[in-house]
Amino acid sequence: MSTKHAVRVVGVCGAVAEGKLLNRRTVPERGMILTGTVVVDSTTVIEDGAVVVDGSYIEAVGHRAELVDQYWDRERHSYDLLLPGFVGGHIHSVQSLGRGLADDTELLDWLFDYVLPMEASLSANELEVAAKLGYLELIESGTTTCIDHLSVAHADRAFEAAGELGIRGVLGKVLMDQRSPDALEEDTDRALAESERLIEAYHGAFDDRIRYAVTPRFAVSCSEQCLRGARELADTYDGVRIHTHASENRGEIETVESDTGLRNIHWLDEVGLTGEDVVLAHCVWTDESEREVLAETGTHVTHCPSSNMKLASGVAPIEDYLERGINVALGNDGAPCNNTLDPLTEMRQASLLQKVDQLEPTATPARTIFEMATRNGAKAAGFEHLGELQEGWRADIIGLSADQTRSVPMHDVFSHLVFAAHGDDVQFTMVDGNVLMEDGEVNVVDADEIRRRASEIGLRMDLEDERKAAHGQKP
Ligand SMILES: [Zn+2]
């Protein structure tokens with residue numbers, strides 16, 4: 001059954017947007033019952049369980065025999081494993097065309113010689129294709145919510161793409177007003193005014209699946225006025241978050257310290273960029289006093305282990321953060337530094353990295369990692385009742401197959417998910433009660449067409465001129 005209708009949506013801040021649900025296969029009117037092994041959260045698993053969905057919410061969770069009997073008239077689907085959808089706590093959908101473009105380079109070279117020139121070179125149409133490619137990969141591998149760091153220009157196209165594909169997300173246009181390539185550097189007031197326009201247009205759009213984060217690139221590329229302006233903007237609108245990179249690299253923290261006389265987290269705290277509405281990606285290089293600030297202010301941290309390993313940034317002190325009560329989410333970062341947006345691979349990397357760094361095999365066990373990738377991510381994103389399969393919570397649900405040789409035997413579901421499963425195992429993706437992928441086929445867009453256009457644009461990218469223009473801008 002497919003539906004074609006447009007919905008008018010009033011957002012949490014009163015913003016109004018037109019959300020188009022084109023060709024989206026939604027939950028049938030009589031509702032749906034999903035059966036399989038149900039992973040409710042990081043502590044509870046129901047063997048031979050079921051989840052009943054009604055509209056955008058979960059109506060019931062329990063044992064299959066009872067619920068199938070009670071909800072006999074619902075459309076029924078069966079998957080080996082049913083889980084809450086993953087939350088990508090730090091993603092760059094619009095960098096997807098840079099996959100494989102800048103391997104084996106140092107972070108600031110990677111950023112200034114490759115990634116920023118690539119972002120600057122994207123036309124609006126190309127950026128839309130990049131964003132769609134990113135969201136497609138996320139939906140295919142089980143990420144149902146992303147905290148998405150866009151680019152400076154053409155942000156509308158990414159918001160529209162996220163709305164069209166049906167993913168849940170906290171998206172933000174990037175702010176850069178100093179030490180940036182000419183093509184990306186913006187006047188501070190104009191950049192903040194554009195952010196405000198986007199908040200009015202998209203915060204709460206598409207049935208409130210899409211919300212806004214004010215998104216400075218990082219302290220190096222943003223003036224004090226810009227960072228303070230970001231805080232002011234977030235305070236003006238209910239539910240708007242702040243999302244930025246922080247203390248990823250030693251060169252970055254040295255630059256900030258030389259500019260401001262403060263360690264990076266202290267500087268961000270000074271200008272208002274800490275708190276329960278702030279999500280900081282990475283936080284690899286923090287000292288004791290900075291960690292105290294993160295804990296005291298309730299700031300969220302997103303750990304991106306593959307990116308930190310690939311760019312040799314270092315190892316974030318995740319166990320220490322968790323012990324201090326800091327909420328740590330998990331993210332893939334962007335395709336140029338990962339090069340996959342698969343949340344299951346990322347969970348494996350996260351656990352293995354902590355174990356080898358601490359020479360301690362008990363570090364970050366599978367359940368802890370699973371919680372980071374689901375519930376902790378939902379807390380960072382700021383969506384209530386998200387990240388667990390509980391009655392009355394949002395119907396963001398994924399279904400996995402477990403008929404692969406590497407899935408047998410399955411002594412422990414969490415061990416399987418963190419250490420053996422792959423994104424390809426995901427067969428079913430539901431966001432807000434809408435079925436985006438079923439039996440491994442994404443049904444909200446023409447996935448082949450997106451991949452074809454992305455491949456065409458990716459292959460004709462010639463970054464030589466942009467790279468040359470960017471030289472000399474690097475801090
Ligand atoms: Zn990033």
Side-chain angles (χ1 to χ4, degrees), residues 87-99 101-103 105-120 122 127 130-131 133-135 137-138 143 145-152 155 158 169-176 180-181 184 213-222 230 241-253 256 264 268 273 278-286 299-316 328-343 346 349-350 377 380-381:
V87 179
H90 177 66
I91 300 287
H92 295 261
S93 64
V94 302
Q95 289 181 4
S96 294
L97 298 176
R99 193 191 321 271
L101 190 72
D103 292 346
T105 51
E106 193 273 329
L107 174 72
L108 292 180
D109 293 338
W110 173 89
L111 184 63
F112 283 87
D113 293 352
Y114 295 91
V115 172
L116 294 182
M118 177 196 69
E119 283 189 15
L122 292 175
L127 181 131
L133 186 71
Y135 299 138
E137 188 183 354
L138 292 170
T143 295
T145 299
C146 60
I147 304 178
D148 193 7
H149 198 111
L150 303 176
S151 186
V152 170
V170 183
L171 282 57
K173 162 208 157 42
V174 168
L175 301 171
M176 301 175 81
S180 306
L184 293 174
V214 188
T215 308
R217 172 83 62 179
F218 62 156
V220 171
S221 66
C222 294
R241 292 184 108 64
I242 293 171
H243 177 212
T244 190
H245 298 99
S247 307
E248 176 178 4
N249 172 281
R250 279 180 291 189
E252 168 201 350
I253 59 173
V256 173
N264 193 25
L268 293 177
L273 299 200
V278 177
V279 184
L280 300 181
H282 303 300
C283 296
V284 174
W285 297 98
T286 53
T299 305
H300 307 271
V301 171
T302 298
H303 179 40
C304 305
S306 297
S307 167
N308 295 162
M309 283 190 269
K310 190 157 183 274
L311 290 164
S313 301
V315 183
V328 182
L330 200 61
N332 297 89
D333 212 344
C337 62
N338 190 312
N339 301 353
T340 160
L341 306 183
D342 176 357
E346 207 61 34
Q349 304 280 43

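Order of listing sets the numbers, starting from 1, for every ligand and every atom in it.
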Problem set entry | N249 versus H282, side-chain donor and acceptor atoms under 3.5 Å | no
Problem set entry | L175 to A230 - nearest heavy-atom pair and separation | CD1-CB, 4.3 Å
Seminar exercise, completed: Nearest heavy-atom approach of L280 to V278 is CD2-CG1, 3.6 Å
For this session: Please find the N/O/S atom of D333 nearest to the Zn ion (ligand 1) and write down its name.
Result: OD1
Seminar exercise, completed: the Zn ion (ligand 1) -> H90, closest N, O or S atom is NE2
Is the Zn ion (ligand 1) less than 2.8 Å from an N/O/S atom of [X], whether that atom is in the backbone or a side chain?
| X | answer |
| --- | --- |
| H92 | yes |
| H245 | yes |
| H282 | no |

For this session: Start with the C-alpha gap between H245 and H243, add the side-chain angles, then the distance that decides, and say whether side-chain hydrogen bond (donor to acceptor under 3.5 Å, both in side chains) holds.
Result: CA-CA 7 Å; H245 298 99; H243 177 212; over 6 Å; no
Exercise. Yes or no on side-chain hydrogen bond (donor to acceptor under 3.5 Å, both in side chains) for Q95 and D333, after CA distance, side-chain angles and deciding distance?
Worked result: CA-CA 9 Å; Q95 289 181 4; D333 212 344; over 6 Å; no
